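Just below is one structure, and these are the notes that go with it.
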Amino acid sequence: PAAAVLAIPAPAGASVYNVNSAGAPCTWTGDVRCEFLLEPGTSRTITAEYTANVAGTVSISPMVSSAVPDPVPANNTTRLEVKVTAPGKK
């Protein structure tokens, strides 16, 4: 297995209130950061929950990195845009 890090920069207009990492140690004092071991060709689900502070679109861009070279680095990041209509609710 390779040591991996998931980093989710704090999105403008939202605050993280919970991270479910299935046992991976995570911190979220703004940005979310989780460290875990990952076997080649496998995946891991980590859920970060946010409260939107304003109406509009919130963009979230998680990225996974490792010191081990990745043959497909294009799948290490994504972007999610969420339309918020009722800010302040979980």
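When reading the values below, keep in mind they use all heavy atoms of this one structure, side chains included, and skip hydrogens, waters and symmetry mates. Just so it is clear, the model here is predicted, and its values are computed rather than measured. Note that the numbering runs from 1 along the sequence shown for the chain.
Checking Ser15 against Asn53 by side-chain atom types alone, a donor-acceptor pair falls below 3.5 Å.
Taking all atoms of both residues into account, the shortest heavy-atom contact from Asn76 to Val72 is OD1-O, 4.0 Å. Residues Ala48 and Ile8 share a closest heavy-atom pair of CB-CD1, 4.2 Å. Contact record, Val32 with Tyr50: CG2-OH, 3.9 Å, taken as the closest heavy-atom pair. When all heavy atoms are compared, the tightest approach of Cys34 to Ser21 is SG-CB, 4.5 Å. Of all non-hydrogen atoms in Val58 and Ala12, the two that sit nearest each other are CG1-O, 4.0 Å. Of all non-hydrogen atoms in Arg44 and Ala24, the two that sit nearest each other are NH2-N, 3.5 Å.
Side-chain atoms of Ile46 and Phe36, non-hydrogen and from C-beta on, do get closer than 4.5 Å to each other. With contacts defined as side-chain heavy-atom distances shorter than 4.5 Å, the pair Thr47/Val19 does not qualify. Considering only heavy atoms from C-beta on, Glu49 stays 4.5 Å or farther from Val16 through its side chain.
Of the inter-residue distances, the one linking Cys26 atom SG with Asn20 atom CG reads 9.0 Å to the nearest 0.5 angstrom. We find the OG-CG distance between Ser66 and Leu6 to be 12.5 Å, quoted to the nearest 0.5 Å.
Residue pairs meeting the salt bridge (Lys or Arg N to Asp or Glu O under 4.0 Å) criterion with at least one member in residues 56-79, sequence neighbours excluded, are Arg79-Glu81.
Although no hydrogens or angles enter the test, the distance criterion places a donor-acceptor pair under 3.5 Å between the side chain of Asp31 and the main chain of Ala10.
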